[in-house]
Structure formats: structure tokens, C-alpha cells
Amino acid sequence: MNAIDKFIKKAMGLIDKYHVDSKYIIFEITENTYIHNVEAVNRMIQTFHQRGIRISMDDFDSGYSSLNTLKEIIFD
């Protein structure tokens, strides 16, 4: 199991354990993280979207910002 899958499992476990309504959850992903593993991060985002969890993007002041990257990202 890779790091993304472990994170998904851990996050979902905590959400279920504490009965948190997913409409209150927004995960923030840095662009740097996204760039290094686009497919895995998109898979993670899709999993969270299926549960109604929103995703935001941060780190556009890090020097990695690219409009080409934005069109590939399925964040909210």
C-alpha cells in the first residue's frame, strides 16, 4: 500500500470513527505534492469527492505555479 492509499484509509477511518459530516471537510493539497504524483493524487481526490469531501489547492507562491497544471487538477 503506497502513501496515498494509506492517507485515504486513515482519513476515511477518522471521518467514520468520529461521524464527521463530509460537507464540513476540505483537504488542502499543495501544488508541489500534486506535481510529483498526478495520477495518485487525482485518484485520491476522486475517492474524497465520492464521499462529498472537497479539495482545495494551495502553494501558488512556491514557484511551481502553472496554468497548464490547473487544467489537469480536479480540485474544488
Side-chain angles (χ1 to χ4, degrees):
M1 183 180 292
N2 65 34
I4 297 283
D5 292 329
K6 286 179 185 177
F7 177 75
I8 292 169
K9 183 177 179 180
K10 181 71 171 181
M12 294 301 187
L14 289 170
I15 290 165
D16 292 341
K17 178 179 178 178
Y18 293 104
H19 308 286
V20 178
D21 190 332
S22 58
K23 71 181 180 184
Y24 298 115
I25 300 172
I26 301 173
F27 284 110
E28 184 175 276
I29 298 173
T30 64
E31 187 178 9
N32 189 32
T33 298
Y34 184 84
I35 288 171
H36 292 334
N37 201 345
V38 174
E39 289 180 26
V41 173
N42 269 339
R43 186 170 33 83
M44 178 189 69
I45 292 171
Q46 289 171 339
T47 300
F48 288 145
H49 279 168
Q50 290 170 355
R51 292 278 302 261
I53 297 167
R54 293 173 289 161
I55 306 296
S56 68
M57 174 70 67
D58 189 19
D59 230 16
F60 282 100
D61 291 332
S62 68
Y64 294 101
S65 185
S66 166
L67 292 177
N68 286 328
T69 302
L70 284 175
K71 68 182 181 184
E72 298 174 10
I73 302 171
I74 55 174
F75 68 93
D76 302 299

Item checked: Nearest-0.5 Å distance, CD1 of residue I26 to CD of residue E28 -> 9.5 Å

Check: Shared ILVMFWY cluster between L14 and I8, side chains joined below 4.5 angstrom?
Finding: yes

Listed pairs under 3.5 Å, donor-acceptor, residues 48-56 side chains, sequence neighbours left out:
| unit_1 | atom_1 | unit_2 | atom_2 | d |
| --- | --- | --- | --- | --- |
| H49 | NE2 | D76 | OD1 | 3.2 |
| H49 | NE2 | D76 | OD2 | 3.0 |
| R51 | NH2 | D16 | OD1 | 2.6 |
| R54 | NH2 | K23 | O | 3.1 |

Checklist line | Within residues 5-15 or reaching into it, pairs that qualify as salt bridge (charged side-chain N to carboxylate O under 4.0 Å, His left out) - sequence neighbours excluded | finding: D5-R43

Check: Same cluster or not: are M12 and Y18 linked, directly or through other Ile, Leu, Val, Met, Phe, Trp or Tyr residues, by side-chain heavy atoms under 4.5 angstrom apart?
Finding: yes

